[in-house]
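What follows is a single structure, written as structure tokens, with notes after it.
Values below: every heavy atom of this structure, side chains too, minus hydrogens, waters and symmetry copies. Order of the sequence lines sets the chain letters (A, B, ...), proteins ahead of strands, with each chain counted from 1. These numbers were taken from a predicted model, which means no experiment stands behind them.
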Amino acid sequence: MQYWLMKSEPEAYSIHDLAKEPTRTTFWDGVRNYQARNFMRAMKAGDRVLFYHSNADPPAVAGTATVVRTAYPDFTALDPEDKHYDPKATQDNPIWEMVDVKLERIFPRPIPLDELRATPGLKGMELLRRGSRLSVQPVSKEHFEIVLRLADKPAAGEAKPAPTGRTVVAKRTQSKETSKHRSKRKRQRV
DNA sequence: GCCAACGTTGGC
DNA sequence: GCCAACGTTGGC
């Protein structure tokens, strides 16, 4: 069993779009990076995937999916009308491939990128590397499980242990809407 | 909107 | 093979 993370801009295709598919399954088209493609080639049915919302506010892991079909040609590369058309791709040499993934679970709350960064156990995760742009990337089993645990915990800052030396009655939980998260940027791009 | 990081392209 | 120019990704 292998573990992966796949990015999608929610304005293009979100985990909620996946949930609306008749069989909660979609083909992961549009990957136009060789390294990312090679990772998809390595995927096996049953592998688990973190579904990440990039270019979102905030960027976050939104849930999980499983691989249900191994790599096959991404036909959108052959379609001149398609946004991800690649003139180098042909029937005989499609160049680009895709896999099918099926929604497993939408997290009760998305795990924002800054929380992932603040989680010591996730040190070294590819997603957190400065300048990381890979849209398909491997995730270690350990990191995958830590993310799952975060998903079922209250938002960061709400479950801190009491300060040492004395017991403290649970404080009113902090607003989840920190000013950072609230900061509104205009949507650009598709 | 800005820009750092990174991948690709093409001239040489 | 080198590398500058260019395009894209994606956080902020």
Side-chain angles (χ1 to χ4, degrees), chain A residues 3-18 26-43 49-65 71 73-90 92-99 101 103 106-107 109-140 143-144 146-147 150-151 155-157 174-190:
Chain A
Y3 302 85
W4 310 93
L5 178 144
M6 300 175 89
K7 300 179 183 175
S8 184
E9 302 191 13
E11 289 206 2
Y13 192 87
S14 75
I15 199 166
H16 303 287
D17 294 321
L18 179 55
T26 192
F27 47 84
W28 205 272
D29 62 311
V31 171
R32 297 292 180 268
N33 170 283
Y34 287 102
Q35 209 181 343
R37 180 205 63 184
N38 292 343
F39 284 134
M40 285 200 295
R41 283 180 170 172
M43 289 181 181
V49 176
L50 296 174
F51 194 123
Y52 180 78
H53 281 166
S54 59
N55 250 309
D57 190 13
V61 178
T64 60
D74 179 348
F75 54 82
T76 68
L78 302 173
D79 177 4
E81 302 301 307
D82 194 277
K83 188 182 169 206
H84 299 290
Y85 173 63
D86 182 351
K88 297 192 300 305
T90 63
D92 284 347
N93 182 21
I95 306 178
W96 304 112
E97 299 184 21
M98 57 191 182
V99 296
V101 302
L103 178 64
I106 296 178
F107 289 159
R109 65 179 188 99
I111 317 300
L113 181 60
D114 57 2
E115 183 175 342
L116 299 175
R117 288 197 192 282
T119 302
L122 293 179
K123 199 163 183 286
M125 195 176 175
E126 164 66 21
L127 180 72
L128 309 184
R129 224 192 71 238
R130 180 177 157 81
S132 167
R133 298 189 318 176
L134 260 184
S135 65
V136 178
Q137 53 183 259
V139 173
S140 75
H143 289 166
F144 193 94
I146 288 170
V147 173
L150 289 175
Q174 221 176 7
S175 165
K176 281 171 206 156
E177 278 262 85
T178 66
S179 58
K180 182 180 251 182
H181 293 166
R182 212 168 37 235
S183 71
K184 259 285 157 286
R185 290 175 290 122
K186 259 170 236 115
R187 297 294 342 160
Q188 76 281 18
R189 247 203 297 259
V190 184

Might you list the N or O atoms of the protein lying below 3.5 Å from N or O atoms in nucleotides 7-11 of chain B, with each pair's distance?
from   : atom 1 : to      : atom 2 : distance (Å)
dG7(B) : O4'    : R133(A) : NH2    : 3.3
dT9(B) : OP1    : K88(A)  : NZ     : 3.4

Quiz item: Which atom names give the shortest non-hydrogen contact between G124(A) and H143(A), and what distance separates them?
Solution: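 Distance-wise, the nearest heavy atoms are C-CE1, 4.1 Å.
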Self-check item: salt_bridge(R32(A), D74(A)) N-O dist < 4.0 Å
Solution: yes
Practice problem: Would you mind checking if R133(A) and E126(A) are paired as a salt bridge, meaning a charged N to carboxylate O distance below 4.0 Å? | Solution: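 Judged by the 4.0 Å cut-off on N to carboxylate O distance, E126(A) and R133(A) do not form a salt bridge.
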Quiz prompt | Set of ring pair (Phe, Tyr, Trp, His ring centres under 6.0 Å) partners for F107(A), sequence neighbours left out | solution =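 Residues passing ring pair (Phe, Tyr, Trp, His ring centres under 6.0 Å) with F107(A): none at all.
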Quiz prompt | Atom-to-atom span, NZ of K7(A) to P of dC6(B) - whole angstrom | solution = 11 Å
Exercise. Only counting residues at least two apart or in another chain, list the ones meeting salt bridge (Lys or Arg N to Asp or Glu O under 4.0 Å) with D29(A).
Key: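 Applying salt bridge (Lys or Arg N to Asp or Glu O under 4.0 Å) to D29(A) gives none.
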